[in-house]
Amino acid sequence: GWLAGGRLWGLSYARGPLTWDARTGEEREGPVGVDFFDGSSSEDGTAALFADDTGGIWRLSGERWERVAEDPDVVAVDVGPGGAPLVWARRRALCIDRVCKPVEGEIIDVALSHGLVAASTISGDVWLIDAASGRAVALLQGHAGQVSSVEFSPDGDWLASGSWDGTVRRWDLRQLHTPAAELLDAAEARWGLSLQDALRSR
């Protein structure tokens, strides 16, 4: 399950998608007779996206359920504020508003925040993709096993990734906008020697 905008969202094997309003305590169920396996809500809590086992992709806005796409290869979904953009993953492609582009590695999970899409992979890598252009922004490496889940912080400054290697990593995304020279200066200050000296000593 997940929490956004005062609503708790979850998937139940027996009852399908569930929403619980933290302010009123009201609980609602999703469509009957549909088996969902993944879901996610927008950061503002106004919409959610769900994938069913037949390849149907469903959006919930307010109280309205709508089957918005069909993709028999869907493996994970996420959605932006108010229900747009729609983001889903196939094993080897990322789809943003129905435009699908190949991605290196097999995708397991996706997350969307502040114009970035994170795609976790079986290889242990996490790709950051610009949602507007579909271009790769960064490749985050450090896990020794497949990354089963990714989630952004509410402000989009951090990304958390959980792996089958038994670790959870927190990635500082603020550094994506830091000029390379600044990153090098910070690393050299931390190491206490220059990059050239560090390479020379190897």
Residues two or more places apart in sequence or in another chain: which of them pass salt bridge (charged side-chain N to carboxylate O under 4.0 Å, His left out) with D125?
-> none

In chain order, what residues pass the salt bridge (charged side-chain N to carboxylate O under 4.0 Å, His left out) check against E66, with sequence neighbours excluded?
-> R59, R64

Please list all pairs passing the salt bridge (Lys or Arg N to Asp or Glu O under 4.0 Å) test where one or both residues lie in residues 78-102, with sequence neighbours left out.
-> D71-R90, R91-E106, R92-E106

Could you tell me which residues satisfy side-chain hydrogen bond (donor to acceptor under 3.5 Å, both in side chains) with D155, sequence neighbours excluded, listed by chain and number?
-> S153

Salt bridge (charged side-chain N to carboxylate O under 4.0 Å, His left out) partners for E188, two or more places apart | none

Could you pull out all residues at least two apart from V79 that satisfy side-chain contact (heavy atoms from CB on, under 4.5 Å)?
-> S42, L49, L86

Pairwise disulfide bond (SG atoms under 2.5 Å apart) hits with a residue in residues 30-62, at least two apart = none

Which residue pairs pass the disulfide bond (SG atoms under 2.5 Å apart) test with at least one member in residues 29-64, sequence neighbours excluded?
-> none

Sequence neighbours excluded, every pair satisfying disulfide bond (SG atoms under 2.5 Å apart) that has a member inside residues 75-128 = C95-C100

Restricting to pairs with a member in residues 167-179, which pass salt bridge (Lys or Arg N to Asp or Glu O under 4.0 Å), not counting sequence neighbours?
-> D172-R174

Are the side chain of W127 and the backbone of E104 linked by a donor-acceptor contact shorter than 3.5 Å?
-> yes

What residues, two or more places apart in sequence or in another chain, satisfy side-chain contact (heavy atoms from CB on, under 4.5 Å) together with E26?
-> T24, R28

Residue list, side-chain hydrogen bond (donor to acceptor under 3.5 Å, both in side chains) with E27, at least two apart or on another chain | R15

